[in-house]
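In what follows, a single structure is set out as structure tokens and then discussed.
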2 protein chains.
Amino acid sequence: MDKIDRNIVTILQKNADVTNAALAEQVNLSPSSCLRRVQRLKRTGVIKKTVAIIDDKVLGRNLIAVVEVDLDRHGAQAQAVLHERLRQEISVTQAYGITGESDCLLILKLADMDEYRQVCERLFNHDKNVIRFRTSFVMNVIQS
Amino acid sequence: MDKIDRNIVTILQKNADVTNAALAEQVNLSPSSCLRRVQRLKRTGVIKKTVAIIDDKVLGRNLIAVVEVDLDRHGAQAQAVLHERLRQEISVTQAYGITGESDCLLILKLADMDEYRQVCERLFNHDKNVIRFRTSFVMNVIQS
DNA sequence: CAGCTTTATGCAATAATATTGCATGGACAA
DNA sequence: TTGTCCATGCAATATTATTGCATAAAGCTG
């Protein structure tokens, strides 16, 4: 993990569509050396995967919600159930355990309010460990 | 944007490393037809870009912060300045204008507390429009 | 429904790109 | 120095993406 490797991941993080030859030129390496570095970065888990970024509007997932969740018990056992449910839920794009007022922060990408209602039903209303949750909706995306 | 297109974007959203031939097989198309669909999806902006997902730990950006920001004035003019600064700041990975108690929600990916301090300095302390901000730190990533 | 236009499809040829073997040279330790 | 290890570049090769073309399907219009 030297300077060149960091250079490579910085470039691929922004745009993984570049050809190996173009990438090699940007980092001043021959295509073969560059490729072998990329392969190693993938093999060792530095590059976890590459994904396509899809326009949410097109897929009809234009409604973004931010949910703070307060939990009753913080034992590993009690939380594991919720965590698993969060991972199952396709609209939950991010979920963090956080310090401060609340215990969890979720980012949801939803089709509409009806889907929001359904998700809440599944995640919270049936879980006694969830004491309370507060939702804000995203009015404008400044950066993502 | 038919069923096949949706199928394609769903697959590429999870893994953009698949070869065109493999993708074609998964959606029951010939490689050439499949490729032409992918090209169109890119051309029309459905697929915005493809990026490599990098292990944050490796890059030394292991500290995630969630920041809620309260603004004084909500005029477009006053907000534009902050928005631009948010976009400049490399550690700000997401920024949303939201409903509810606060006005903005930020997700920061940081190297350490010192970087957090510096970012706050740059973003908030010099901006009279920022009345208050509250930060939570991520203890564990449940889903991302 | 026939006739027309438009669009998507698959095949095969071609172009572009990724991948590998191999020889060389630099860095480092004994 | 000498030997080992590893990264590098070149050139050959293997994969993969891309395009031209003929055909078929889907819409449209009268």
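All heavy atoms count here, side chains included; hydrogens, waters and symmetry mates do not. Chain letters run A, B, ... following the sequence lines, proteins first, then strands; residues in each count from 1.
Residues of residues 7-16 of chain B having a heavy atom closer than 4.0 Å to DNA chain C: none are found. The stretch residues 20-33 of chain B comes close to DNA chain C through B/Leu29, B/Ser30, B/Ser32, B/Ser33, each having a heavy atom under 4.0 Å from the strand. Using a 4.0 Å cutoff on non-hydrogen atoms, the parts of residues 36-52 of chain B near DNA chain D are B/Arg36, B/Gln39, ordered by number.
For A/Ala78, the side-chain contact (heavy atoms from CB on, under 4.5 Å) test picks out A/Arg73, A/Asn129, with sequence neighbours left out.
Side-chain contact of B/Gln94 with B/Tyr96: a donor-acceptor pair under 3.5 Å is present, judged by distance alone.
If you walk DNA chain D from 5' to 3' and mark each nucleotide with an atom closer than 4.0 Å to a heavy atom of chain A, the marks span D/dA7 to D/dC10.
For the pair B/Ser102 (side chain) and B/Val69 (backbone), a donor-acceptor distance under 3.5 Å is absent. Side chain of A/Ser136 to main chain of A/Val66: no donor-acceptor pair is present (N/O by atom type, distance under 3.5 Å, no hydrogens or angles). B/Asp72 places no side-chain N or O within donor-acceptor distance of the main-chain N or O of B/Val130, the cut-off being under 3.5 Å.
Taking 4.5 Å as the limit, some side-chain heavy atom of B/Val119 sits within range of a side-chain heavy atom of B/Leu110.
Taking Ile, Leu, Val, Met, Phe, Trp and Tyr as members and joining any whose side-chain heavy atoms lie under 4.5 Å apart, directly or through other members, the hydrophobic cluster of A/Ile47 also contains A/Met1, A/Ile4, A/Ile8, A/Val9, A/Ile11, A/Leu12, A/Val18, A/Leu23, A/Val27, A/Leu29, A/Val38, A/Leu41, A/Val46, B/Ile54, B/Val58, B/Leu59. B/Ile90 forms part of no hydrophobic cluster, judged by ILVMFWY side-chain heavy-atom separations under 4.5 Å.
Note on residues 79-98 of chain B: pairs passing salt bridge (charged side-chain N to carboxylate O under 4.0 Å, His left out), not counting sequence neighbours, are B/Glu84-B/Arg87, B/Arg85-B/Asp127, B/Glu89-B/Arg122. Within the structure, every pair that satisfies the salt bridge (charged side-chain N to carboxylate O under 4.0 Å, His left out) test and touches residues 6-34 of chain A, not counting sequence neighbours, is listed here: A/Asp17-B/Lys42. For residues 60-71 of chain A, every residue pair satisfying the salt bridge (charged side-chain N to carboxylate O under 4.0 Å, His left out) rule, not counting sequence neighbours, is listed here: A/Arg61-A/Glu115, A/Asp70-A/Arg132, A/Asp70-A/Arg134. The salt bridge (charged side-chain N to carboxylate O under 4.0 Å, His left out) contacts involving residues 102-111 of chain B comprise B/Asp56-B/Lys109, where partners must be two or more places apart or lie in separate chains.
Within 6.0 Å of atom CD in A/Glu101, 12 or fewer heavy atoms from other residues, nucleotides or ligands are found, so the atom counts as exposed in its surroundings.
Note on the helix from C/dC1-D/dG30 to C/dA30-D/dT1: angle between the axes of the first and last five pairs equals 40°, rounded to 10 degrees.
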